[in-house]
Amino acid sequence: MRGAGPLAGRIDIVPEIPQGAQDCAGLVQDLLERAGEARQRLEALLEDTDTLEPFLAGVFCNAPYLRDLAMADPDRLARILESDPADFVLDLLQQVRDLRPQTQAELEKELRRAKAEVALAVALADISGAWPLDPVTASLTALADTSLDAAIRFLLNELAARGRFVPRDLENPVIGSGWIVLAMGKHGAGELNYSSDIDLIVLYDPHVAPLAEGAEAPVEFVRLTKRLVKIMQDRTVDGYVFRTDLRLRPDPGATPIAMSVPAALIYYEGLGQNWERAALIKARPCAGDREAGNAFLDEIQPFIWRKHLDFAAIADVHSIKRQINAHKGHRKVAVAGHNVKLGRGGIREIEFFVQTQQLIAGGRNPRLRDRRTLEMLKRLRVEGWVDDEARRELDEAYRFLRAVEHRVQMVNDEQSHTLPDTEEGLMRIAALMGFNCVESFGSALRARLVVVQTHYAGLFEAEPELASELGNLVFTGDEDDPDTLETLSRIGFKRPLDAIRIIKAWHFGRYPATRSAKSRERLTELHPVLINALGGTTNPDAALMAFDRFISHLPIGVPLFSMLHANPHLLTLLATILGEAPRLSEIVSQRSSVLDAILDPSFYEDMPREADFAERLETTLAQARTYEEALDRARIFGQEQMFLIGVRLLSDTLNPGQAGRAYSRLARVLVRALLERASGHVREASGSVAGGEVAVLAMGKLGGMEMTPTSDLDMIVLYDFPDEVSASDGKRALSPSQYYMRLTQRLVAAISAPTSEGTLYEVDFRLRPSGNSGPLATRLSAFSVYQAENAWTWEHMALTRADVIVGSEAFREKVQRVICEVLCQPRDLETLRIDVADMRARIEAEKPAKDIWSLKTVPGGIIDVEFIAQYLQLAHAAAHPKILSPTTEIALGKAAEIGVLDAGDAEVLIPAIRLYHALTQILRLSVGEGFDREKTPAGVLSLLARSAHQADFERLESLLRDTQKAVRGSFERIVGPVRAKEDKPSQ
């Protein structure tokens, strides 16, 4: 494109000015009045060509973002119009490469200036028709690459100046740095859109990185990556460079933002999914140590490109596309409000059309491994995978749709792919595309969308038959097929004869779910993916037997088998549950109805909020005809939702912290709903207490939003009533104290009493005033006096985790004030230290830890961290009431922020409590309360290691020992040494 001439003389498209837009004609004059020294140059350009003034007026009127860029710096606009856009961009990129800033602020300012100049130049070249698609996307991609390199160069130089890094090349420290930045998606393909995020995977090779002695690669590269993201995407007065997304890295919910190369290789080799194979087709080292990045991509080529025809993988990738359509609601070809990326006939369908065939054939044909969509369309035509008509029509449609996408984004610099839903908004896009009306633009757009949809449907919409590359899988006839026995043995079944026997039984129709011919036909179609999924677990035989028990409880099979056949990822998830989570597997086998939650489309949505749980529970309870039926329905709802949370945790849809919050939200909703039902039950006989109020204090894990699937509910019930009221107003009148005692008993029974549907939770009221010797429910005034005058220190420690979860707004605030008054009272710090240390010593004496896996009670374990947080809150709440939080991690964070927790101790304690909670969630989910390493399935051990971001279980145990030692050190520095005491805790 070099040498084609100044942009001002190459305007082929002049955007229409919408009717009624009176101020547009004056925008160019406004620009000139602001131009200062650039005015003469701009006026000369306007005089040289008749099209420039209406072009600028049309751009400014239809794209406010571009108008603002021009008005902010008219000299910049003049330079762009005077230059060939290719030369302008190349010169600007060289300026970025030459940057050697002294400060981060200087770097950020220069990068944002470059982004603004490229954004305006590229947009004007695009809209004017001077540039086709390729230089537009190439320029945006080059700016992203060059900006990342400049930021990385600065950060590495700064790290070297601090003595933490020894660059191999002083002039260019990225060379041999071991810091790898992979561009993904459109960035990796060199196809960035106008307002695109950049999708990155950031890795580091600890064996390559020349870190100084004492510098730790995980710590340094995570910190560097955080700063890199900040440099790129933080908005300042100068704007931003690129929004940066790191969620395409392996297991983003549970891994650091910069991963080591060995950890990433382990992930892809053992846990990589088919959609990740598709994503990695476009992966490209775009910045940092490109040599190390290419070495990494070479290493994972076998993961991306498989030698065999992988139709099962294609079905898996295609199921993701179906989910996108279902979630976004784009099932029809439309114009107004249509998503040109994800909607029917959109850009994503062209990309899937190409990538899916690459996955099928790229393993055997390296010529089909290019990252670029249009280049791959050409090669697919050359190699005979598509005909010339499909290539030509998809190529043209892709270019048109990308142009529409860019103009949607140019209007206000928004990362949007959705067309406006108003006539005025659509006219802006039509004008920027060179159309003079919405109707002609709409016709052109629909034509392209229909073309894409037609080609896509022809390739994918008919469900593909899953060809098996596993080997023979024959389960008919009187004799066992020897090749099938060999296939089953090879993929991991220890007892292949038993496996054949079980599967043959299905085809004999011995279960209700397999009695119909259609259900057996569906099951036959499912064999390859089913056997493959079960074989991929750590214990295929146990997984198969669990699946057998599961279908034996199904009344019908066709709906489930059809769903699993259409969505292979669901079967993989089910196999994982059956083979690697004994506790969940038992639940599935005994209560197959819980799988309805997985089959529900809402499984793919975000985890329900507390309000969503409440709405769904109320819908369920409203159908109950009796109080007893309401309790049963509450149990069914609670068990299914707990199962769903567990499955999401197991499948990495939720991380352990999110799971803890989800379990806690669910419990709170159930307590509220059941208290309401229990209140109604008590009112039937005893009426109500006039002016009475009741509140429930959540304590412990429930209060701290840290529940696990096996947690008890620690609670305190408080009430109040006017002094003049002496009894309730029902047939069987009760004194207020008796009334609230009866209500609390009903609540406990509603939650914990076994019914035909089991129980919900065990309930623990031992934290109430006077413990088990006190009344179940306590009047607020008595609670206040007790806490102020009689409570032990440990009771105030427990109170730091209190959260009012039920009650009227006024009464909740009243209770919260009482709690704050208690926790914020001044204390003698030496006495407090002694009390906390004595309490810790007493627990160690009464409940000694068996080993490092006694995560709660082991020295340096959960109790140590919680006690530190509680001590700091009691010690400093008088001066810093904002330190109070029922959640341990948040309390520690606040303590560090206000300066009462040393930064070194914070860096020990906060990661420790996250680690302990993550491990606890996995243990409670998979094996329940007991943990014996020798008896625990290998899959659970692997899951534990992965939840802690460790490569294997041995490294996890090493990390656990080191963490516990460090936590105990922090405890002794902050609170004091732990020495066994026989006397009672001090008041």
Side-chain angles (χ1 to χ4, degrees), residues 1-11 14-15 23-101 105-128 130-131 135-136 139-140 142-143 146-147 150 194-195 235-241 410-413:
M1 298 296 294
R2 265 193 184 277
L7 178 59
R10 295 164 56 188
I11 296 170
V14 175
D23 59 337
C24 288
L27 289 174
V28 177
Q29 189 59 40
D30 290 345
L31 171 73
L32 293 173
E33 290 174 2
R34 300 182 187 202
E37 295 179 359
R39 178 164 186 158
Q40 286 185 337
R41 291 155 56 208
L42 286 169
E43 287 177 336
L45 290 167
L46 290 167
E47 289 173 5
D48 286 347
T49 174
D50 295 336
T51 56
L52 181 56
E53 183 168 355
F55 170 73
L56 290 176
V59 170
F60 293 168
C61 191
N62 289 295
Y65 172 64
L66 301 181
R67 178 188 65 216
D68 292 345
L69 285 178
M71 296 290 185
D73 189 351
D75 179 71
R76 172 170 59 203
L77 175 64
R79 286 186 283 110
I80 291 170
L81 294 172
E82 291 167 343
S83 305
D84 176 274
D87 293 340
F88 183 86
V89 171
L90 288 173
D91 291 343
L92 200 57
L93 293 175
Q94 189 59 49
Q95 292 174 32
V96 175
R97 292 188 191 98
D98 292 339
L99 279 177
R100 294 298 182 271
E106 181 185 348
L107 171 69
E108 291 177 349
K109 184 178 184 65
E110 289 301 314
L111 292 182
R112 282 154 179 75
R113 178 189 64 79
K115 170 61 182 295
E117 298 208 355
V118 170
L120 185 57
V122 166
L124 296 179
D126 189 357
I127 295 171
S128 68
W131 269 8
V136 171
S139 296
L140 295 168
L143 177 66
T146 310
S147 299
Y194 188 76
S195 294
R235 287 185 179 271
T236 69
V237 292
D238 301 304
Y240 68 103
V241 192
M410 287 172 186
V411 172
N412 287 309
D413 188 30

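Heavy atoms only: backbone and side chains are in, while hydrogens, waters and symmetry mates are out.
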Over all heavy atoms of both residues, which pair between [X] and [Y] is shortest? Give the atoms and the distance, please.
X: Asp413; Y: Ser195; answer: OD1-OG, 2.8 Å
X: Pro15; Y: Ile127; answer: CG-CG2, 3.8 Å
X: Leu124; Y: Phe55; answer: O-CZ, 3.8 Å
X: Leu27; Y: Phe60; answer: CD1-CB, 3.5 Å
X: Thr146; Y: Val96; answer: CG2-CG1, 3.5 Å
X: Ser128; Y: Leu7; answer: OG-CD1, 3.7 Å

From [atom1] ([X]) to [atom2] ([Y]), nearest 0.5 Å:
X: Ser83; Y: Leu92; atom1: OG; atom2: CG; answer: 10.5 Å
X: Phe88; Y: Leu120; atom1: CZ; atom2: CG; answer: 8.0 Å
X: Ser147; Y: Arg97; atom1: OG; atom2: CZ; answer: 10.0 Å
X: Asp91; Y: Arg79; atom1: CG; atom2: CZ; answer: 10.5 Å
X: Leu31; Y: Arg67; atom1: CG; atom2: CZ; answer: 11.5 Å
X: Leu56; Y: Leu81; atom1: CG; atom2: CG; answer: 6.0 Å

Residues in side-chain contact (heavy atoms from CB on, under 4.5 Å) contact with [X], at least two apart in sequence or another chain:
X: Arg235; result: Tyr240, Arg243
X: Pro101; result: Leu99, Glu106, Leu107, Phe154
X: Ser139; result: Val89, Val122, Trp131
X: Ala142; result: Leu93

> Does the side chain of Met410 reach to within under 4.5 Å of the side chain of Val59, using non-hydrogen atoms?
Replying inline: no
Residues 35-42 side chain polar contacts: donor-acceptor under 3.5 Å, at least two apart:
{"unit_1": "Arg39", "atom_1": "NE", "unit_2": "Glu43", "atom_2": "OE2", "d": "2.9"}
{"unit_1": "Arg41", "atom_1": "NE", "unit_2": "Glu82", "atom_2": "OE2", "d": "2.9"}
{"unit_1": "Arg41", "atom_1": "NH1", "unit_2": "Asp75", "atom_2": "OD1", "d": "2.6"}
{"unit_1": "Arg41", "atom_1": "NH2", "unit_2": "Glu82", "atom_2": "OE1", "d": "3.1"}

> Does a donor on one side chain and an acceptor on the other come within less than 3.5 Å for Gln95 and Arg113?
Replying inline: yes
>> I'd like to know if the side chain of Arg112 reaches the main chain of Asp238, judged simply by a donor and an acceptor atom lying under 3.5 Å from each other, with no hydrogens or angles considered.
In response: no
Please output the side-chain donor-acceptor pairs of residues 46-53 that fall under 3.5 Å, not counting sequence neighbours, one pair per line with the distance.
{"unit_1": "Thr49", "atom_1": "OG1", "unit_2": "Thr51", "atom_2": "N", "d": "3.3"}
{"unit_1": "Thr49", "atom_1": "OG1", "unit_2": "Thr51", "atom_2": "OG1", "d": "3.0"}

